[in-house]
Every structure is written in C-alpha cells, then in structure tokens.
Chemist: 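Quick one: the structure is below, questions incoming.
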There are 2 protein chains.
Amino acid sequence: MNEKIATIEDVARHAGVSIATVSRALHKPDVVSETTREKVQTAIAATGYTANVMARNLRLNRSGMILLLVPDIGNPFFSAILSGIEKGASQAGYNVLIGDTQNDPEREATYAAYLRSNQADAMILLNGRLPAPLANAPANATPPVVIACERIPGCALPTVIIDNDEASFIATRHLTDFGHTRIAHVSGPSNNILTIDRVAGYRRALDAADIGFDPALVYRGDFSIDSGIAAGRALLGDAKTRPTAISCASDGMAIGVIVAAKEYGLRIPEDLSVVGFDDIPHAAAYDPPITTVRQPRRRLGEQAITLLLDRLGAKAPFTNTETGPAIIPTELIIRQSSGPCPKTRA
Amino acid sequence: MNEKIATIEDVARHAGVSIATVSRALHKPDVVSETTREKVQTAIAATGYTANVMARNLRLNRSGMILLLVPDIGNPFFSAILSGIEKGASQAGYNVLIGDTQNDPEREATYAAYLRSNQADAMILLNGRLPAPLANAPANATPPVVIACERIPGCALPTVIIDNDEASFIATRHLTDFGHTRIAHVSGPSNNILTIDRVAGYRRALDAADIGFDPALVYRGDFSIDSGIAAGRALLGDAKTRPTAISCASDGMAIGVIVAAKEYGLRIPEDLSVVGFDDIPHAAAYDPPITTVRQPRRRLGEQAITLLLDRLGAKAPFTNTETGPAIIPTELIIRQSSGPCPKTRA
DNA sequence: ATAAAAAATGAAAACGTTTACACAGGAGTC
DNA sequence: GACTCCTGTGTAAACGTTTTCATTTTTTAT
C-alpha cells in the first residue's frame, strides 16, 4: 500500500487528459468543459491526489507562509496575540510560521532571511526591534513587514499598538483620583519601548496631579511575578517611606507586589492600592481581584494580520505614512485592588 | 535597487563556473577545488545570493517543516510545550508550523493533509485525537507522527505523556493522608482522556484509603478558572454535604474553587483543602500558594521533538511497540492550600 | 454548406534547485 | 609513450506544478 504518492500526471493519465487540463480543472473550473471536469474529479478521487504544495509554490513564487517573530513563545502574553493572527491568516489561506528569537539578534537575522529565501511571504514583528538585514535596507524599500505590540521609533512600517503612554496615564490617574500622592511604578526592562512609554504616562499623571516625581519610586522589573515580588520588597520594606499606591507595568508584577505586601501584613486596598497592566485571566481571579488596564491582545493580533493581508492582497507598499500606527483602544478595569488613600498617610 | 533576486545561475555566471559547481561548492565543499570555492564565495557575496528554499525542497522532496497540531494556541498551557518543541526543532534545522485546530475535526483533517502535500515532513499531535485521514490509514502504515500530552488508546505511534492516573492518585492520597474522607474531584471535559485517567487515579486513592466513591462529588469542568468557580459553588453551597478537600484537574480550576470557597467565607486550608494540577506560574503566587502536581511541560515538548527527530534521522518507523509510551515524571508540590482535615468534620 | 468566432485542449516552457553521468586533463604506473 | 586512476568540472535530467501559446474542436452566423 505504500505506493508512490500520486502526482498531477497520474491524475491526467487516469482521466485521459493532459496535465494542463487537470490543473485548469482545479484552479479555473469555468474554462474547462463540464464532462472533462467530472472525469478529472473521479480521477482525483481514484488516485487520492493531493497537489504538491512545494512545487506549486515554486512555480508561483510564493510560500503561503507568514513569519511571526516573537521574543519568547513560552510567554502566555504572546499566545493570545498569536491566536488572533493565526485565525486571520488561516482564513486567507496562509500559514503562520513561528520564529522564537529569544531576543537573540542573530536568530532574528536568520529568520528575517526567510523573506529573501522565499520561505515566507511576509513577516510580523512582536519583538520591538528591526532585524539587522531589514534595518540596513534602504529607506525606500518596503519589505512586507508589519510591526505589532511594540512600536519602533522612526520606522514607517505598518504598526499596530496600544497607546501605552495614555493607558499608563489613566491607570495612574485612577490612583491620584483616589487621593494617593505617594505612588510608585514598577516598570519593565529599561531597553524596552513599552517601559519608556508607560513610565512617561505615569509621570504625566503625577504632573497632572501636581505630585513631584521621585526616582526612588520607580523600580525596574521584567514583567514577571518574581520581579514583582522583588519590587514589592524593595518599595515596601521601609514603613516610613512606603508608597500608598503602586502602578505596575504588568499584571504578573502586580501580583508579585501584592505577595510582597502581604508579607509585610499590608491589606489591599486598605493599606496599599495596586494596579496592573494587561488584564490576564488570572487578574480577575486573584485575591483581591486586580484593577488593571485591559489590553485586547487578540484584537491586536487580528488587526496586525489585517493590515498585512490588505497590503499583500492589494500589492500595496508596506508603509503607514498616511495613517500612522493603528491604535487599539485599552480600557481601565476597576476591581478591588485599588481604593482611597488611607487617611493617616494622605 | 529593487532588482530581481539573485539565483544560483547569477552566481555561476559571476564566478565563471556552472551552476552545478556552485551547488557543490555550497553543499559538498570537499569535492570542489580550493580556487573555485573561493571564486564562488566572492560571487555569492557580490550577488547577495540566498538559496531559494522552495526550489531546493522541491528537488529534495522535503519541506523542513514540522507541523504541530494544538487545540488552542491561545491557551498558555500549550505555549510552554511549544517552546520546548521549537527549541529542539530549530537546532535540527527544522521549522515549526502551528496548526490551531480549535478542536474542529475538519481543521485537523486539513492540517493532516499537509503531510501528503509535502508541506510538512512530520507532525506532533497535542490534541489527543488522530485526524481522520490518519485514523483510517491501514494499521501497518506508520506516518511520521508523534503524540504528546494526551495518549490515544490503541495507537502505536510514539507517545510522550505523564502518568495522569498515578499523578492524580498521588495528589488525592496527599489529601487522604491529611485525614480527609470527604474529597471531591473537579475533572476536565468528559470526552477527554486526561479526564478519564485523572478520575481513575482519584478513585484509586479513595479505594486505597477505604473511602467510598460518591458520584455527587465529581464535578465536570473544562480546565478554566470560570468552570472552577462554578464547581466550587456547586460543591460547597450546602454546608451539610460540603467536602473538606477538593482535588482539581487543573490549577485554573483550583483557583476558581478557592474563589468560590472564599465567597462562602471558608478559609484555605483550615476549612477546605484544595490541590491543583499543572503547576502554572500563578499557582505559587496565589493566596494561598497552591499545592499542585508539577507537570514539566517544556520537557514534554523536548521529549516529543526528540522522539520525532530520532526516527526521522534514522528513517526508523514511527512506532513505540518496543518501548511503549515515554513517561515524563511529575512531582507533587506541597504548598499552603492543603492541610489537615478540620477536627469537627473528620 | 461555409466562414468566422468561440470554446476546449494539449505541448512545452518555466520556476530554482540537486545530482547522476559523462568527460577532460593531470598524475602516477608500467 | 600507453595505460589506468583520480580530481574537478560541465551537461542535462529531474522534482511537480502553472501558464502561454498554438492547435483542435465546437458553436454560431451567414
């Protein structure tokens, strides 16, 4: 039973027509006569023919692949985005190829070469950095690339992001509205554009409430729960200088901060208000449920693939010079981890 | 600058040799003379040549792709497994293609056809079900497929799993050891093999402690936090019949159960012990930290890709008839969500 | 019935590789 | 100097498609 796999030629022979006719029967049915079309159909069924995609793609000079560069596929944050991308891509007949770069520029470059070598028709970047081969390309060249998640300053490629500055502003303002004046911020890694934007929003909210900025109240984490715990211990250790509220650049870090706060016997939100960022599923189920900025990750992915497919379909250049980046709206979800500033400290 | 992309022919012309020599210079360097090899190298540099992978794969009749079928890529549970697979695959020069099946048999069949159409060299199944085209294949055919995560009864394909029965047994025994006698179980969906195995382990532990099985104490969830909350409300609503301990088939459901328990004012673990399954990162950071069965998901992925690459490399048949399924060991992680049975109810 | 137009089909080129085979030339052996 | 053997290279076939172009067959108009 382990015969050679059927090719278009087998079908042609079986149906008594030429291979050209078989191909046409499949892709331009209206141009071949009713009767031959049927003959071909039965021949296909009889032989169990499946077109060799490799050969087809070679001829058509495409790959049907969309390459997705992501810093760490093990990070659940990206899987929801991925889910949105995959859905749109597969509807359009594309497959999604994951490139896990581990933040390694070399791996990024390797994957970027896929575009040249015809292994991918287009690319989506979730890692906030242009791979070297692309960065060095002339400015007028527009590779089929879309940026998502983290904007790249000075890059005119189509981009879809949330307004991190504004979202962080709103989260922090939520705390100033509650009367807090001593507000800390737990940020992401310093080389990260998200960090820069969210710190900016945090500072803007302080300004708006006439609160001075204290660098000692910004702790640099890495989005993980563990770094949140470390941040909490660092910020809350000294009861004298302790803030009454903390805005965090991720829900994971918010959870970590709360873990640390409980170590010091602090009640949330009576003694300490905490807000997170992302609205991961666990934020709502935590004790207490965490006030956070909802980031529609799935929509982000959907929008990215839409941008990409639109341009690919229309053979339009990959720029966003007319429209600027697409902004996906965020939403402040108020739960029970934030509340009024304790009277004694206001 | 947007010239046609360089082909092997351009390189050959530039170096003044035949295309065969160029190809050989690249893939069998020892067979071409030092001087030509250098000429070819400079020609490649000059033209910026990158081999067209599509053409190469057509000729070699391979794709360099490993297809990964996963029920829902948006589910973080799978992303860690994926991470292990991707690592091993990319070291071996393979790419990982994600097929998000959404548990849709039709999509599964579509993806399974990738094997026939040369879009993938092999496949890893995380979804616990053989796609129809494979299931119907004759028993002696061994498609290049590896099963991970959920065993498929009666299927001789290479398989890597954890011992769900035993793991669930140990988790439940942990509770009987604490003196609990009224122990509930929150399971996964009923059509799921994981559910069957874990329920079996739960019952085995009850038997071992001479505790009768009460069907009313098994609640069917779907691994999600929400279904855990529903389970908790169903099981804990009546203070008379309430269990003193609950073993859950996922950490998410354990968290949900705890959320519900707190609604009823129950203290964990003083009034109710809860154990989870998986050891997701949030389990350790929850309040209280959750006792759970650690499932090494990344190792699971690594083992799956190893099994696959071994057979692919050795051109060995894809069976596990000699060795049986590979079992990845689990570990009971004892934290603070479980404790002795309250005196009043023992 | 015939010419013209339209519809359906086939032959063959092309996509960019790898590799079996043939061949040229040089080195060694007698 | 003729023979073999080796080394390095080129020619051309093959992988399985799609598509242009030419050709055959059918339909329509006169």
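It should be emphasised that the depicted structure is a prediction, and the values quoted were computed from it without experimental measurement. A note on names: the letters A, B, ... follow the listed sequences, proteins ahead of strands, and every chain is numbered from 1. Computation of the quantities below employed the complete heavy-atom set of this structure, encompassing side-chain atoms and omitting hydrogens, waters and symmetry-equivalent molecules.
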Chemist: Rounded to the Å, how far apart are B/N61 CG and C/dG16 C1'?
Modeler: 16 Å

Chemist: Take atom CD1 of B/I5 and atom P of C/dC15, then tell me their distance rounded to the nearest Å.
Modeler: 14 Å

Chemist: Separation of A/D10 atom CG from D/dG16 atom C1', in whole Å?
Modeler: 11 Å

Chemist: Show the numbers, then the answer: is there a side chain to side chain donor-acceptor pair (under 3.5 Å) between B/D10 and B/T47?
Modeler: CA-CA 7 Å; B/D10 300 325; B/T47 53; over 6 Å; no

Chemist: Which residues in residues 49-56 of chain B have at least one heavy atom lying under 4.0 Å from any atom of DNA chain C?
Modeler: B/Y49, B/T50, B/A51, B/N52, B/A55, B/R56

Chemist: From CD of B/E9 over to P of C/dC15, roughly how many Å is that when rounded to an integer?
Modeler: 9 Å

Chemist: Round to the nearest Å and state the distance from B/L58 atom CG to C/dT19 atom P.
Modeler: 13 Å

Chemist: Let me know the distance between CZ of A/R13 and C1' of D/dG16, rounded to the nearest Å.
Modeler: 13 Å

Chemist: Using a heavy-atom cut-off of 4.0 Å across all strands, would you classify B/T7 as base, sugar-phosphate, or nothing?
Modeler: sugar-phosphate

Chemist: Dump the intermediate steps for side chain to side chain contact (heavy atoms under 4.5 Å, CB included) on B/Y49 and B/V40, then the final yes or no.
Modeler: CA-CA 11 Å; B/Y49 169 71; B/V40 168; over 6 Å; no

Chemist: Does either side chain, that of B/R298 or that of B/S83, offer a donor lying less than 3.5 Å from an acceptor on the other one?
Modeler: yes

Chemist: Within 45 degrees of the ring normal and closer than 6.0 Å to the centroid, is that where the cationic atom of B/R62 sits relative to B/Y94?
Modeler: yes

Chemist: Checking A/R297 against A/F78: charged group under 6.0 Å from the ring centre and within 45 degrees of the axis?
Modeler: no

Chemist: Less than 3.5 Å apart, any donor N or O on the side chain of A/R107 or B/S90 sitting next to an acceptor on the other?
Modeler: yes

Chemist: Would you say the side chains of B/E150 and B/N127 form a donor-acceptor pair under 3.5 Å?
Modeler: no

Chemist: Between the protein and nucleotides 8-10 of chain D, list the N/O to N/O atom pairs that are separated by less than 3.5 angstrom.
Modeler:
| from | atom 1 | to | atom 2 | distance (Å) |
| --- | --- | --- | --- | --- |
| D/dT9 | OP1 | B/S33 | OG | 3.2 |
| D/dT9 | OP1 | B/T36 | OG1 | 2.9 |
| D/dT9 | OP2 | B/S33 | N | 3.0 |
| D/dT9 | OP2 | B/T36 | OG1 | 2.9 |
| D/dG10 | OP2 | B/S18 | N | 2.9 |
| D/dG10 | OP2 | B/S18 | OG | 3.1 |
| D/dG10 | OP2 | B/T21 | OG1 | 2.6 |
| D/dG10 | N7 | B/R24 | NH2 | 2.8 |
| D/dG10 | O6 | B/R24 | NH1 | 3.0 |

Chemist: Do A/S63 and A/D121 get their side chains close enough for a donor-acceptor pair, meaning under 3.5 Å?
Modeler: yes

